[in-house]
Number of protein chains: 2
Amino acid sequence: MSKTTPHSPSDAEPLPPLAERIRQIVSERVAAGELDDKGQLPSERWLTDHFGLARMTVRKALWQLEAEGFIYRFHRSGWFLSPPRFFYDPTRDVSFTKAVTDQGRRAGAQVLSTRTIAAAPEIAYMLGITPRTPLLIINRLRFIDDRPVFVEVSHVIAYRCPGLADFLGTDVSMATIYERHYGIGLRRREIYLHPTALIDPHARDLRLAHGTPGLFLRRITDDTNGKPFSFDHEYWRHDALEIKINFFDRPTPPIPADPAEDVQT
Amino acid sequence: MSKTTPHSPSDAEPLPPLAERIRQIVSERVAAGELDDKGQLPSERWLTDHFGLARMTVRKALWQLEAEGFIYRFHRSGWFLSPPRFFYDPTRDVSFTKAVTDQGRRAGAQVLSTRTIAAAPEIAYMLGITPRTPLLIINRLRFIDDRPVFVEVSHVIAYRCPGLADFLGTDVSMATIYERHYGIGLRRREIYLHPTALIDPHARDLRLAHGTPGLFLRRITDDTNGKPFSFDHEYWRHDALEIKINFFDRPTPPIPADPAEDVQT
DNA sequence: AAGTGGTCTAGACCACCAC
DNA sequence: TGGTGGTCTAGACCACTTG
């Protein structure tokens, strides 16, 4: 809690890196019960004064902790302690809602927009339909415990789900809607996934600053008869998920992140 | 190529964002053949002068293009055009070397260090061995087309591969070494993977600035008899790979990244 | 209205890499 | 040794969120 001495670029630097000092302040407050899960950190200006540094210096350190997934921010409203990552098994999980609730957390959804377009040739080919067949595009924001975690853009073959747009408010789980109203079960066919920067408008929807690191996922889903059913894009916060792939049904204990000091090079 | 007018914070801003203007300069040079794959960008100071902006402003834009995967940098030596991502299928690829060469690229490896430790209880449990059994820890830097892309830390049960350290220089593929010298084939059991920041010493090994976005992967590998064999950590550059999961053997065409303007919200 | 982060300036010096 | 990015300063004003 004591004020740290200011330092100029030419000072010797025996202190731990700034990011570690900030991490420690945050950890202390958590331990003291002053900061719970998703709690707000001291402001950048407070940290600036506390450490006697320039604001850009503090911000740089915060960005590192953000890249790590330790803290996150809501655009222009503050820095917060990151909640635990959601475990996602792309080879098994077909319903986000089910996977989230199975992990004891709360899934949410908000429809951002819907519209209908004519299928472009390459999408038509992937989905096994005639080009220009109407596709329903559903743009939804998905939440875990009230934090927006990804934007989902679904391309659904419109004639297979007549009136689908009317059901969107009834249940957060699309999988449940497909099953109850149309008798359609889902299974995955193919997924691509890579880290990238999230830009507007998706960044804005997620309350992220333009250019924040994120994950981009695209996927084809079949129905249980093996017929292509939908084509989706997802834009994830980078700190919201941990991908887990288990190749057998026998459960294994989670792999520890740091079982040994393996960093020695 | 014309000099852009300087702007103050209060100027109107009809120009595209700075990142897009930089992207355009780079794209133009690529099109003109002045900049090939992995070629070096104009320096930050050149861009600063060219746009008439402060250096921090230019750097911020470069960081966004880096987060996106469009450009990357070698620590303190310059900005470069990113090569294409490597496709990695965690459900199928057991040999990095094979997967890379199958994609027409060159795989490389450099041993950073090896050492032997006594297995901690939780690792011993995962690997089905007695605690304190000797484990060989192999630290390697892996390359695609001469660019370092990840640091691999392998924990191998030492008695299953006597003399393994001596073979490390003979072949870049560990899978090949295991098969030829010990008659051991591999298959995956479980993988965890999440985005995070890469810090020293891994960042240094990869020639990345401390705190750059990356991917952290951990994995248990079995032998083909289903017996646990090794436990590995991998620290990836975030821009080097695209994860691809195909659930069936029938090949499907790659899913296009942007088949339609799906961003409307 | 007050407080937050977001952007930007116009410099300086440091650490490292390549020649 | 010269050029690169990396760090840092000490401000300023802007855009937005929150009370």
Side-chain angles (χ1 to χ4, degrees), chain A residues 4-13 15 17-19 21-22 39-49 51-67 71-80 148 197-201 203-212, chain B residues 4-13 15 17-19 21-22 39-49 51-67 71-80 148 197-201 203-212:
Chain A
T4 308
T5 51
H7 65 197
S8 65
S10 50
D11 277 353
E13 177 58 279
L15 295 171
L18 180 57
R21 284 183 281 164
I22 294 176
Q40 186 161 3
L41 267 63
S43 75
E44 293 179 359
R45 283 168 178 86
W46 186 92
L47 290 166
T48 297
D49 294 343
F51 290 112
L53 297 170
R55 186 157 157 236
M56 278 305 296
T57 309
V58 168
R59 277 165 71 70
K60 188 77 196 305
L62 290 168
W63 294 342
Q64 183 192 316
L65 294 173
E66 175 188 47
I71 59 177
Y72 71 98
R73 54 189 155 160
F74 279 136
H75 191 57
R76 283 180 214 278
S77 77
W79 291 93
F80 299 84
L198 297 174
I199 59 174
D200 290 332
R204 181 180 298 269
D205 292 333
L206 291 165
R207 302 191 55 185
L208 293 171
H210 185 92
T212 302
Chain B
T4 309
T5 51
H7 64 195
S8 64
S10 50
D11 276 352
E13 177 59 279
L15 295 170
L18 180 55
R21 283 181 282 164
I22 294 175
Q40 186 161 4
L41 267 63
S43 75
E44 295 179 359
R45 282 169 180 86
W46 185 91
L47 291 167
T48 296
D49 293 343
F51 291 112
L53 297 171
R55 187 156 157 238
M56 278 303 298
T57 309
V58 168
R59 278 165 71 70
K60 187 76 196 306
L62 291 168
W63 294 341
Q64 183 192 316
L65 294 172
E66 176 188 46
I71 59 178
Y72 71 98
R73 53 190 155 161
F74 280 137
H75 190 57
R76 285 180 212 278
S77 76
W79 290 93
F80 300 83
L198 297 173
I199 58 175
D200 290 330
R204 180 180 300 269
D205 292 333
L206 291 164
R207 300 191 56 184
L208 292 171
H210 183 93
T212 302

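Only a predicted model underlies this, so the values are computations on that prediction, with no experimental measurement involved. Throughout, a chain's letter reflects where its sequence line sits, starting with A, and its residues are numbered from 1.
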Worksheet entry | Separation of D:dG19 P from A:R76 CZ (nearest whole Å) | 17 Å
Practice prompt. Give the rounded distance in Å between these two atoms: CZ of A:F74 and P of D:dA15.
Written response: 23 Å
Practice prompt. Kindly indicate whether the side chain of B:R55 and the base of D:dG6 share any N or O donor-acceptor pair separated by less than 3.5 Å?
Written response: yes
Discussion item. It should be established whether B:R45 places a side-chain nitrogen or oxygen under 4.0 Å from OP1 or OP2 of nucleotide C:dG11.
Written reply: no
Worksheet item: Any chance the side chains of B:E44 and B:W79 put a donor and an acceptor closer than 3.5 Å?
Response: yes
Worksheet item: For C:dC16, does either OP1 or OP2 sit under 4.0 Å from a side-chain N or O belonging to B:S77?
Response: no
Discussion item. Looking at D:dT4, I'd like to know if its phosphate oxygens (OP1 or OP2) sit under 4.0 Å from a side-chain N or O belonging to B:S43.
Written reply: yes
Worksheet item: Would you say B:R73 reaches D:dG6's phosphate, i.e. side-chain N/O to OP1/OP2 under 4.0 Å?
Response: yes
Worksheet item: Closer than 4.0 Å, any side-chain N/O of A:K60 to the OP1 or OP2 of D:dC8?
Response: no
Discussion item. So, does A:R204 get its side chain near the phosphate of D:dA15, meaning an N or O under 4.0 Å from OP1 or OP2?
Written reply: no
Response to the item:
For D:dG2, the nucleotide meeting Watson-Crick or G-U wobble distances (both under 3.5 Å) is C:dC17
Discussion item. Distance criterion of 3.5 Å, no angle test: do you see the side chain of B:R59 paired donor-to-acceptor with the base of D:dG5?
Written reply: no
